[in-house]
Amino acid sequence: MQWIAPRETDQASKSLEKKLWEAADQFRANSGLTAAQYSQPILGLIFLRFAEARFQVVRQEIEAQGGSGRRTVDPDDPKRYHAAGVVYLAPEARYDTLLSLPEGANVGENVNAAMRAVERDNPQLAGTLPKTFNVFGSALLKNLLRTFSEIKVDLGYDAFGRVYEYFLGEFARTEGQKGGEFYTPSPIVRLLVEVIEPYHGRILDPACGSGGMFVQSARFVSEHQRTPSPCADDRAAEGEGAGDGGSTAAQRHLSIYGVEKTDATGQLCRMNLAVHGLEGDIKHGGEINSYYDDPHQAVGKFDFVLANPPFNVNAVDKERLKDQVGPGRRYPFGLPRTDNANYLWIQLFYSSLNARGRAGFVMSSAASDAKGSEQEIRKALVESRSVDVMVAVGPDMFYTVSLPCGLWFFDRGKVGSEREDKVLFLDARHIHRPTGPVKRDWTPGQLGFLANIVRLYRGEEPDFTLGGDEARAKILELFGPMNGATPSADVAYRDIPGLCRVATLSEIEAKSWSLSPGAYVGVAPGLEMDDDAFRERLLVLHGELEALNAEAAVLQAAIATSVGELLEV
């Protein structure tokens, strides 16, 4: 199927985000710094502006309580703010204090002092905030403070977060390939979250970047009228039925755990969480490397795993992994012989899940059809009955690469269900919205449509919280009553050529354990097979030919042996 949404009208050039970015870019141009050097200070100022907005709201509530005459309330008790999920700001750390510094003041030193004060009063941010503002001229820094003051205090919680995410995305675009290390485009993350539905429990991202997976998970919970909480309250996740639909308390908590190899990126993650009123146990920097290290002792512990790992990494020291191989360990299906880490990541995601856990992650398209030892591992994964959904994503969805990719979804809880021996394949390569000369994304309607195909396949009720009427109309168009019939339900899943197909394990085995959607869904009527679809189809046919050749070789050897025995008689 093809669904290309119209390009949005160009309101972005007049938006607040665009204006703020232009000011920040002038900051870079006038300071002579690279994006990598000025991105964290810029994000630090946005963080402080947002933190003060939320701080002032809570402060007014506390002062109102104190003025009621019922009791004495200290409006400068940091614990009261922490209990509300808000960063406490001492007087010297408040944005308005910095904005009103007198002429001649050393603005950089004052901002550094503000950041130190924030870390002092909010232990979860210790060692996180930038403190290099003294390298910027006072006039330039004061001008940027004024510009960022236009982020109005009355902007909602989500609006502030979107400003922060907008800057993360722009820095990723500016930094090119390096930016992909910390930022995954929001629509990609949103689809991952919509499919795994992280309502409650423990969530892990072992390649967490700037924390977008966690933020979108919290947003999903909030939109479904459940409140995410800091991981400090792990009682809900560990002792009250997390992952099995237990108590109400468990359903109101997300406990966040992350691993990030790069220290600076890990600090961005912790700032991003704080901007959104979240906390998490984020291990980053130093010698931490997810291939070798397991700081959260993750095997079998998590309800959800979300990740966008680096693709096709080579030179992993497999000697260091040998003790972590085998059933019940981090690499349960063995180590790939090829010098490629894709199937190391895939196994880490699988092994971190508990018996009912779900995972959603981005992966190189090549991994879906990889041969040799990777095919052997993929076969074991499919036979575990945990592979649930595979989605093909078209090119140009990322800032840093133009190649297509795949989204993989595991559901260990489907073992024993009607879906145990089935996998849903979705081809979303022809569903997108142009956002620029060579870039694309998905509209909320398109995201809601794709997510609800998965829900129909799982036998769940459609949920149009995301996508609203647009998603509902498209679902009804394709999955509603056919030929005037009156079904028992308004909509029901069915295979649609060029879009989606449910395949059995025997069908997957027949295609050499390929997990490429294009090999199953085919081409919609009226559409020609594009280069990517042709490549996938060719790979599958090649795999089938190799299997037939191998079988023929075995038969030929058996025939030769039999003929030889007959001739000897």
Side-chain angles (χ1 to χ4, degrees), residues 7-53 95 98-99 107 111 129-130 132-133 135-137 139-189 209-212 215-216 264-265 267-269 271-272 274-276 396-400 433-441:
R7 188 191 302 266
E8 281 190 319
T9 55
D10 188 18
Q11 298 297 325
S13 61
K14 299 179 181 179
S15 70
L16 172 63
E17 291 89 346
K18 189 74 172 178
K19 183 175 181 179
L20 295 174
W21 173 254
E22 289 172 351
D25 205 38
Q26 284 297 313
F27 187 71
R28 174 197 58 77
N30 292 324
S31 65
L33 300 176
T34 66
Q37 291 171 314
Y38 83 101
S39 59
Q40 278 203 308
I42 293 290
L43 290 168
L45 292 180
I46 295 174
F47 162 80
L48 195 62
R49 178 63 178 150
F50 176 78
E52 172 145 325
Y95 197 93
L98 300 174
L99 197 61
V107 179
V111 177
L129 302 180
T132 57
F133 293 93
V135 303
F136 305 114
L140 191 61
L141 197 50
K142 192 71 174 287
N143 184 59
L144 195 65
L145 283 165
R146 289 195 197 97
T147 302
F148 283 1
S149 70
E150 295 182 24
I151 306 176
K152 300 298 183 183
V153 174
D154 59 358
L155 274 179
Y157 164 87
D158 192 54
F160 272 104
R162 288 184 187 279
V163 169
Y164 190 85
E165 290 175 17
Y166 175 82
F167 269 72
L168 280 174
E170 288 300 297
F171 282 128
R173 182 183 58 79
T174 302
E175 292 192 50
Q177 189 67 32
K178 187 173 183 292
E181 296 176 4
F182 64 78
Y183 187 76
T184 305
S186 179
I188 295 285
V189 183
S210 57
V215 171
Q216 290 282 13
T265 306
Q267 292 169 0
L268 277 181
C269 177
M271 287 171 61
N272 196 13
V275 162
H276 290 85
D396 302 319
M397 295 288 283
F398 288 79
Y399 289 121
T400 54
R433 170 181 61 185
T435 60
V438 294
K439 293 300 174 188
R440 304 171 174 179
D441 71 359

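A quick note: this is a predicted structure, and the numbers were derived from the prediction, not measured.
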Heavy-atom donor-acceptor pair, Asn272 side chain to Ser210 backbone, under 3.5 Å | yes
Heavy-atom distance under 4.5 Å between the side chains of Pro130 and Gln267, does that happen here?
-> no
On a heavy-atom basis, the closest approach of Leu129 and Met271 is CD2-CG, 3.8 Å
Given Leu45 and Val111, is the side-chain contact (heavy atoms from CB on, under 4.5 Å) satisfied, shown in steps?
-> CA-CA 9 Å; Leu45 292 180; Val111 177; 4.0 Å; yes
Tyr95 to Leu144 - nearest heavy-atom pair and separation = OH-O, 4.1 Å
Distance from Ser186 atom OG to Asp441 atom CG, nearest 0.5 Å?
-> 9.0 Å
Sub-3.5 Å donor-acceptor pair from the side chain of Gln40 to the main-chain atoms of Ala264, do we have one?
-> yes
Are any non-hydrogen side-chain atoms of Ile188 and Phe398 less than 4.5 angstrom apart?
-> yes
Distance under 6.0 Å and angle within 45° of ring axis: Arg49 vs Phe148 | no
Identified side chain to side chain contact (heavy atoms under 4.5 Å, CB included) partner of Leu98 from the options Val107, Leu141, Leu145 = Leu145
Mark yes or no for whether Gln216, through its side chain, and Val189, through its backbone, hold a donor-acceptor pair below 3.5 Å.
-> no
Is any side-chain heavy atom of Pro41 closer than 4.5 Å to a side-chain heavy atom of Thr132?
-> yes
Hey, what do you get for CZ (Phe136) to CG (Asn143), rounding to the nearest 0.5 Å?
-> 13.5 Å
Residues two or more places apart in sequence or in another chain: which of them pass ring-ring contact (aromatic ring centres under 6.0 Å, His included) with Phe133?
-> none
Heavy-atom closest pair (Cys269 atom, Gly211 atom, distance to 0.1 Å) is SG-CA, 3.6 Å
